[in-house]
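Everything below concerns the one structure shown next.
Every value quoted in this text rests on a predicted model; they were computed, and no experiment measured them. Numbers here are sequence positions counted from 1.
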Amino acid sequence: MRILIIIAVASIALIGAGLVAVSRLVVWDDYRDELTAQAEALTGRSVAIQGRIDLNLLPQPTLTLGQTTVASRSDADDGVRLKVDRLDLELKPLPLLRGRLDVEEVRLVRPVWQVEAAPGGHPKLMQLTGIAAWLPLTPGGPNRVSVVDGRAVLPEFTFGQAGRLEHVNLDLSTVGPSGAVVLGGTFSLNGQPFRADGRFGRLTGERSSTLRLELNTGGLGDAGASTLTFGGVVWWRADAPRLRGELAVAGADARSTLGAIGKAVGREIVPMPPWLAAPFRL
């Protein structure tokens with residue numbers, strides 16, 4: 001039995017070493033056009049891979065695409081472009097043995113989301129919210145998308161102030177047979193940190209889906225944090241996005257909350273009286 005165990009371990013080690021050696025010998029850049037076509041089919045957007053292409057088989061088969069750009073197609077008018085320093089695609093092992101690339105998880109490392117100003121000078125609503133529709137969380141597709149240290153270059157808001165969306169670290173994954181998406185992570189808007197948690201139904205423009213979202217201005221367990229929650233229904237139609245539900249804002253210090261909102265939108269709020277430093281709920 002001891003000899004059989006040693007033989008089995010040695011065989012596994014040799015197979016693993018052989019797979020790693022094969023993945024290093026293959027010149028994956030030769031498959032750039034084929035991988036670009038598959039990426040466009042996965043995202044429904046125009047894809048350009050400028051950087052190095054690598055495949056690591058252990059511990060999890062992962063295809064890495066360097067310096068990748070995902071943009072709207074030429075017939076679209078949303079003016080959105082996503083540049084990713086490194087795009088990691090974790091593959092399902094069994095389909096890979098049959099020569100098929102089935103993506104299980106997507107990781108965007110240091111992505112930059114660029115939004116061009118609309119003809120009226122301000123971004124369209126779907127430019128700011130429609131990036132969710134880019135995520136390839138579809139039946140039969142990836143079940144998880146992660147954003148690592150992302151940022152966005154946003155044009156001027158309605159208040160006439162450009163926005164800085166930075167330090168974006170988010171994780172989205174599908175759960176259950178309905179394809180519902182669970183969201184969690186942190187980001188910073190104009191230097192104001194936020195923590196986000198949410199759950200929404202499958203993204204589709206043809207019908208409504210449920211939405212549950214919570215934003216916190218402080219850290220986890222921070223007694224002075226302010227919380228914004230929304231629960232209801234959302235329609236993702238590009239021509240007329242719509243929300244219907246209940247919105248609540250609450251916190252331990254109304255003056256601090258107003259200051260955080262002003263910082264997030266890039267507008268200084270006039271001095272506020274001391275009596276506003278009190279718990280509130282709206």
Side-chain angles (χ1 to χ4, degrees), residues 28-29 31-32 34-56 59-73 76 78-92 101-116 123 126-154 163-175 179-189 193-200 202-203 213 236:
W28 295 102
D29 284 344
Y31 299 89
R32 187 178 300 271
E34 181 181 347
L35 293 173
T36 299
Q38 293 198 30
E40 290 181 341
L42 178 67
T43 62
R45 300 297 188 272
S46 176
V47 177
I49 306 171
Q50 293 95 6
R52 181 182 174 88
I53 301 175
D54 290 307
L55 176 65
N56 294 315
Q60 173 77 21
T62 302
L63 183 66
T64 299
L65 312 177
Q67 300 296 324
T68 301
T69 301
V70 183
S72 302
R73 296 191 181 276
D78 55 6
V80 178
R81 179 182 299 268
L82 186 65
K83 292 186 176 181
V84 186
D85 186 38
R86 195 183 82 230
L87 181 62
D88 295 335
L89 307 175
E90 291 194 6
L91 308 175
K92 299 177 182 179
L101 301 180
D102 283 2
V103 181
E104 188 169 23
E105 296 185 9
V106 177
R107 182 165 55 251
L108 297 87
V109 180
R110 292 178 294 277
V112 179
W113 176 32
Q114 296 179 330
V115 180
E116 299 177 0
M126 283 307 294
Q127 286 182 291
L128 301 178
T129 61
I131 191 65
W134 284 39
L135 302 175
L137 296 171
T138 56
N143 55 30
R144 182 179 180 184
V145 175
S146 301
V147 178
V148 180
D149 194 21
R151 63 186 181 92
V153 180
L154 303 175
R164 296 181 293 107
L165 184 63
E166 302 170 308
H167 312 300
V168 179
N169 294 278
L170 296 176
D171 187 270
L172 300 97
S173 57
T174 56
V175 294
V181 178
V182 175
L183 175 149
T186 58
F187 63 92
S188 173
L189 180 59
F194 288 92
R195 190 180 77 253
D197 296 281
R199 182 186 178 105
F200 48 91
R202 184 180 300 169
L203 300 175
L213 180 66
W236 295 101

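The distance from atom CG of N56 to atom CG of D54, rounded to the nearest 0.5 Å, is 6.5 Å. In this structure, the separation between NZ on K83 and CD on Q67 is 9.0 Å, given to the nearest 0.5 Å. Put simply, CG on L189 and NE2 on H167 are 11.5 Å apart, with the number rounded to the nearest 0.5 Å. Here the CD-CZ distance, from E90 to R107, works out to 5.0 Å after rounding to the nearest 0.5 Å. For the atom pair CZ (R86) and CG (L108), the distance works out to 10.5 Å, reported to the nearest 0.5 Å. The distance from atom OG1 of T68 to atom CG of D88, rounded to the nearest 0.5 Å, is 10.0 Å.
The minimum heavy-atom distance linking E166 with R151 is given by the pair CA-CB, 4.0 Å. Closest approach of L170 to T186, counting heavy atoms only: CD2-N, 3.8 Å. Of all heavy-atom pairs between G66 and I49, the closest is O-CG2, 4.0 Å.
Checking side-chain atoms of N169 against main-chain N and O of D149 turns up a donor-acceptor pair under 3.5 Å.
Here the rule is side-chain contact (heavy atoms from CB on, under 4.5 Å) with R110, and of V84, D85, V147, V168 only D85 fits it.
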Item checked: V70 and L87: CA distance, side-chain angles, deciding distance, side chain to side chain contact (heavy atoms under 4.5 Å, CB included) verdict -> CA-CA 11 Å; V70 183; L87 181 62; 5.6 Å; no
Margin query: Walk me through whether E105 and N143 qualify under side chain to side chain donor-acceptor pair (under 3.5 Å).
Written below: CA-CA 6 Å; E105 296 185 9; N143 55 30; 6.0 Å; no
Next item on the list: Show your reasoning for whether side chain to side chain contact (heavy atoms under 4.5 Å, CB included) applies to F200 and L172.
Entry: CA-CA 10 Å; F200 48 91; L172 300 97; 4.1 Å; yes
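Residues satisfying the side chain to side chain contact (heavy atoms under 4.5 Å, CB included) test with D197, not counting sequence neighbours, are R195.
Residues V47 and T69 form no side-chain contact, since every pair of their non-hydrogen atoms from C-beta on lies 4.5 Å or further apart. Within the 4.5 Å cutoff, the side chain of E104 has heavy atoms near those of the Q60 side chain.
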